[in-house]
Trainee: 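Mind looking over this structure? Questions follow.
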2 protein chains.
Amino acid sequence: MSVRRTNSQKQILSLLKQLQGEINAQDLYVKLRERGETLGLATVYRGLKALKLEGTIQERVSPTGESFYSLISKDHQHHLNCVGCGRSLSLDICPIEQQLIELCQAKNFQIFYHTLEFFGLCHACQNQQPN
Amino acid sequence: MSVRRTNSQKQILSLLKQLQGEINAQDLYVKLRERGETLGLATVYRGLKALKLEGTIQERVSPTGESFYSLISKDHQHHLNCVGCGRSLSLDICPIEQQLIELCQAKNFQIFYHTLEFFGLCHACQNQQPN
DNA sequence: TATTATAATGATAATCATTACAACATAAAG
DNA sequence: CTTTATGTTGTAATGATTATCATTATAATA
């Protein structure tokens, strides 16, 4: 209910809108400081958490354990992730039908977004010895 | 090509088969020690990495940044994850068609597995103040 | 079998994103 | 203008994972 939007949350949202992509908390912090804002790193994390709970932004945890944040948008992307080099390739398709989402809602869940990721070896990593 | 399987890798695989579920590296280490094995924690991490590169096991990074490992199996599961309490509910459906996977292979990617996760608020978390 | 090269291992230190904490600031309410 | 709750900051603590390096096991070769 409390749609109180603190100043730091506004700043975070503003930057995310401008970016139109995903970014991690630390880089977000640096960019905001570059803008002249004076907020602290802890506040950035707290703001991101609040926005996530509101369903305004989404979080993707990378294989390195680092979180990336972005606005939730209709034209989201999924990825092919290489377990060898860690790089990922964007896909422009999404097989998740509205029908499936409604099925989830039926379980009393309020769905904000979904993630679909494929894992395997990219061409380069297939043709070389591990390690 | 080198399908050399070290002793520690065998032990890790053996435990994962017995478990039939996912486990993090630290717990895996403890369980192996309880079995009487004498391997070190670093070796567990190394073994998991090697098995992952082989396409034998899969890794799921939790929102806390912790990794969970399990055997890759046909009857995998997807989840509804609550961004509030962090709990997740298993789904028994998977909308990913073989056709889609072949499309990925066409991009020179060798797919081992995929993950599909929904995020939102569970019933309990919808009806309470944040924080 | 003895020798040598290569890979695996274990203990521990280093790394790094995130969270906890305590002091201070701000705003809302009476 | 106090009181009270909430937001914010910098810093220390946390905790999983990775790097390091000396040691040991394994494989390849003579």
Trainee: In whole Å, what is the span from the OH atom of B:Tyr69 to the P atom of D:dA16?
Mentor: 12 Å
Trainee: Ignoring backbone atoms, establish whether B:Tyr45 has a side-chain N or O less than 4.0 Å from OP1 or OP2 of D:dT18.
Mentor: no
Trainee: Which whole-number value in Å describes the distance from A:Leu32 CG to D:dT9 C1'?
Mentor: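 Distance, rounded to whole Å: 15 Å.
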Trainee: Show me the donor-acceptor pairs, under 3.5 Å and distance only, between side chains in residues 27-37 of chain B and residues at least two apart or in other chains.
Mentor:
unit_1, atom_1, unit_2, atom_2, d
B:Arg33, NH1, B:Thr38, O, 3.3
B:Arg33, NH1, B:Leu39, O, 2.8
B:Arg35, NH1, B:Ser14, OG, 3.1
B:Arg35, NH2, B:Ser14, OG, 3.4
B:Arg35, NH2, B:Gln18, OE1, 2.6
B:Glu37, OE1, B:Gln11, NE2, 3.1

Trainee: Could you tell me the separation between the CD atom of B:Glu66 and the C1' atom of C:dT18, rounded to a whole number of Å?
Mentor: 13 Å
Trainee: Which whole-number value in Å describes the distance from B:Lys52 NZ to D:dT17 P?
Mentor: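 Nearest whole value for this atom pair: 10 Å.
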Trainee: With a cut-off of less than 4.0 Å, is there a side-chain N or O of A:Ser67 near OP1 or OP2 of C:dT18?
Mentor: yes
Trainee: What integer distance in Å separates B:Lys49:NZ from C:dA8:P?
Mentor: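 My rounded result for the distance is 13 Å.
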Trainee: How close or far is atom C1' of D:dG15 from atom CG of B:Asn24, stated in whole angstroms?
Mentor: 12 Å
Trainee: When the distance from CG of A:Asp27 to P of C:dC16 is rounded to whole Å, what number comes out?
Mentor: 14 Å
Trainee: Going by atom type alone, with no hydrogens or angles, which donor-acceptor pairs under 3.5 Å involve a side-chain atom of residues 82-111 of chain B and a protein atom two or more places apart or on another chain?
Mentor:
unit_1, atom_1, unit_2, atom_2, d
B:Ser90, OG, B:Gln77, OE1, 3.3
B:Gln105, OE1, B:Ile111, N, 3.3

Trainee: Show me the pairs that pass salt bridge (charged side-chain N to carboxylate O under 4.0 Å, His left out) and involve residues 12-23 of chain A, at least two apart or across chains.
Mentor: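 Every salt bridge (charged side-chain N to carboxylate O under 4.0 Å, His left out) pair that includes a residue of residues 12-23 of chain A, provided the two are not neighbours, is A:Glu22-A:Arg60.
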Trainee: Between B:Ser67 and B:Glu59, is any side-chain donor less than 3.5 angstrom from a side-chain acceptor?
Mentor: yes
Trainee: Round to a whole Å and report the spacing from CD of A:Glu37 to P of D:dT8.
Mentor: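 Value for this atom pair: 12 Å.
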Trainee: Other than B:Phe68, what residues sit in its cluster of Ile, Leu, Val, Met, Phe, Trp and Tyr side chains whose heavy atoms are under 4.5 Å apart, directly or through others?
Mentor: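 Besides B:Phe68, the hydrophobic cluster comprises nothing; the residue is isolated.
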Trainee: Distances under 3.5 Å only, N/O to N/O: pair up the protein atoms with those of nucleotides 9-15 of chain C.
Mentor:
unit_1, atom_1, unit_2, atom_2, d
C:dT9, OP1, B:Ser8, OG, 2.9
C:dT9, OP2, B:Ser8, OG, 3.2
C:dG10, OP1, B:Thr38, O, 3.0
C:dG10, OP2, B:Gly40, N, 2.7
C:dG10, OP2, B:Thr43, OG1, 2.6
C:dG10, N7, B:Arg46, NH2, 2.7
C:dG10, O6, B:Arg46, NH1, 3.4

Trainee: Sequence neighbours excluded, which residues qualify as side chain to side chain donor-acceptor pair (under 3.5 Å) partners of B:Thr115?
Mentor: none
